[in-house]
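Working notes, beginning with the structure itself.
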Amino acid sequence: MVMSEPDTLSYTISHFKSQASGTQMRSLIFDKYASIENPWIVSDSVIDYFDIDKETSKKNALEWWSHEGEFQPTNTGPAKVKMETGEFTKWKNYAVLEAARDRVIKKVS
C-alpha cells in the first residue's frame with residue numbers, strides 16, 4: 001500500500017504535520033499489511049515502487065492466474081516472520097516515518 005492512497009492520505013498529511021495520531025495510524029496500517037500471509041498482486045501502474053525482479057514476478061503472476069489464485073511463490077508469508085529483524089525494522093521505519101514525504105510535503109507547508 002502506498003501511503004498516499006486516498007484512504008491513507010489524511011494520516012500521511014497528519015504525520016508530516018507532526019501529529020502523533022497520523023504517525024500512529026501509519027504504523028497500524030503498516031503492521032496490518034506486513035502481517036498478511038498471502039503474497040500481493042501488484043499492478044503495472046505501481047510496480048516501479050518496489051525493488052523486485054520483474055521477470056520472476058511476471059512468471060509468478062502467470063502461475064497464480066493459471067492456478068486460479070491458489071499458487072504462492074516459495075518463501076512467502078508475513079513480512080515480520082519472513083524478513084530479518086533489522087531489515088524489517090528498517091522498512092517499517094521508512095514506511096511509517098518517510099514514505100510519501102515528497103508526494104505530500106507541499107500540502108503541509
Side-chain angles (χ1 to χ4, degrees):
M1 155 150 287
V2 179
M3 289 292 198
S4 62
E5 293 298 318
D7 54 340
T8 62
L9 185 57
S10 65
Y11 305 126
T12 297
I13 291 170
S14 294
H15 165 72
F16 288 114
K17 285 184 176 180
S18 298
Q19 296 174 356
S21 61
T23 307
Q24 181 182 13
M25 287 303 299
R26 284 168 58 97
S27 183
L28 291 171
I29 291 165
F30 180 88
D31 288 340
K32 173 185 173 182
Y33 286 97
S35 67
I36 293 174
E37 290 276 340
N38 297 325
W40 297 12
I41 299 286
V42 178
S43 74
D44 289 341
S45 64
V46 296
I47 200 159
D48 290 329
Y49 289 121
F50 303 93
D51 182 21
I52 62 165
D53 176 346
K54 290 182 186 178
E55 192 61 36
T56 300
S57 180
K58 185 175 181 176
K59 288 176 186 175
N60 288 337
L62 291 172
E63 284 288 324
W64 185 85
W65 281 108
S66 71
H67 289 94
E68 299 179 358
E70 296 299 319
F71 169 79
Q72 289 193 16
T74 58
N75 200 28
T76 60
K80 193 169 190 172
V81 174
K82 293 295 184 173
M83 293 179 77
E84 187 272 326
T85 302
E87 190 75 2
F88 177 83
T89 300
K90 176 184 95 171
W91 285 110
K92 180 174 182 171
N93 288 341
Y94 171 77
V96 174
L97 301 175
E98 294 299 323
R101 177 183 293 275
D102 60 336
R103 298 181 89 187
V104 300
I105 201 69
K106 292 174 188 163
K107 293 181 183 195
V108 299
S109 298

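Because the structure is a prediction, the values reported are computed rather than measured. We count residues from 1, following the sequence as given.
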### Message
Whether the Thr8 and Arg26 side chains hold a donor-acceptor pair (N or O, under 3.5 Å, no angle test) is what I'd like checked.
### Response
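No, Arg26 and Thr8 have no side-chain donor paired with an acceptor closer than 3.5 Å.
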### Query
Backbone N or O of Ser10 within a donor-acceptor pair of the Ser14 side chain at under 3.5 Å?
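Side chain of Ser14 to backbone of Ser10, a donor-acceptor pair under 3.5 Å: yes, one is there.
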### Message
Check whether Glu84 reaches the backbone of Gly86 with its side chain - one donor and one acceptor, N or O, closer than 3.5 Å.
### Response
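Checked: pair present.
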### Message
Just to verify, what does Lys90 make a salt bridge (charged side-chain N to carboxylate O under 4.0 Å, His left out) with, not counting sequence neighbours?
### Response
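For Lys90, the residues satisfying salt bridge (charged side-chain N to carboxylate O under 4.0 Å, His left out) (neighbours in sequence not counted) are Glu87.
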### Residues which pass salt bridge (charged side-chain N to carboxylate O under 4.0 Å, His left out) with Lys59, listed by chain and number, not counting sequence neighbours
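Testing Lys59 for salt bridge (charged side-chain N to carboxylate O under 4.0 Å, His left out), a comparison that skips the adjacent residues, returns none.
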Smallest separation among heavy atoms of [X] and [Y], with atom names:
X	Y	result
Lys32	Ser35	O-OG, 2.8 Å
Val96	Ser27	CG2-CA, 3.6 Å
Ile29	Tyr11	CD1-CD1, 3.8 Å
Thr12	Ala99	CG2-O, 4.4 Å

Is there a path of hydrophobic side-chain contacts, each under 4.5 Å between heavy atoms of I/L/V/M/F/W/Y residues, joining [Y] to [X]?
X	Y	result
Ile52	Tyr33	yes
Ile36	Phe50	yes
Tyr94	Met83	yes

### Query
Taking NZ, NE, NH1 and NH2 as the nitrogens, is one of them in Asp31 or Lys80 under 4.0 Å from a carboxylate oxygen of the other?
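Salt bridge absent between Asp31 and Lys80.
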### Query
Is any side-chain heavy atom of Met25 less than 4.5 Å from a side-chain heavy atom of Leu28?
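In contact.
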### Message
Taking atom CH2 as the centre, does Trp64 end up with more than 12 heavy-atom neighbours from other residues, nucleotides or ligands that are less than 6.0 angstrom away?
### Response
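Result for CH2/Trp64: enclosed.
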### Query
Which residue pairs pass the side-chain hydrogen bond (donor to acceptor under 3.5 Å, both in side chains) test with at least one member in residues 67-78, sequence neighbours excluded?
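For residues 67-78: Asn38-Gln72, Glu63-His67, Gln72-Thr76.
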### Task
Can you tell me which residue pairs pass the salt bridge (charged side-chain N to carboxylate O under 4.0 Å, His left out) test with a partner in residues 40-53, sequence neighbours excluded?
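Passing the test, one end in residues 40-53: Asp48-Lys54.
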### Query
Going from CZ on Phe30 to CZ on Phe88, what distance comes out if it is rounded to the nearest 0.5 angstrom?
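Rounded to the nearest 0.5 Å, the CZ-CZ separation comes out at 4.5 Å.
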### Counterpart residues, side-chain hydrogen bond (donor to acceptor under 3.5 Å, both in side chains), relative to Asn93 (two or more places apart)
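Partners of Asn93 under the side-chain hydrogen bond (donor to acceptor under 3.5 Å, both in side chains) test: none.
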### Query
By ring-ring contact (aromatic ring centres under 6.0 Å, His included), which residues pair with Phe71, not counting sequence neighbours?
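Residues passing ring-ring contact (aromatic ring centres under 6.0 Å, His included) with Phe71: none at all.
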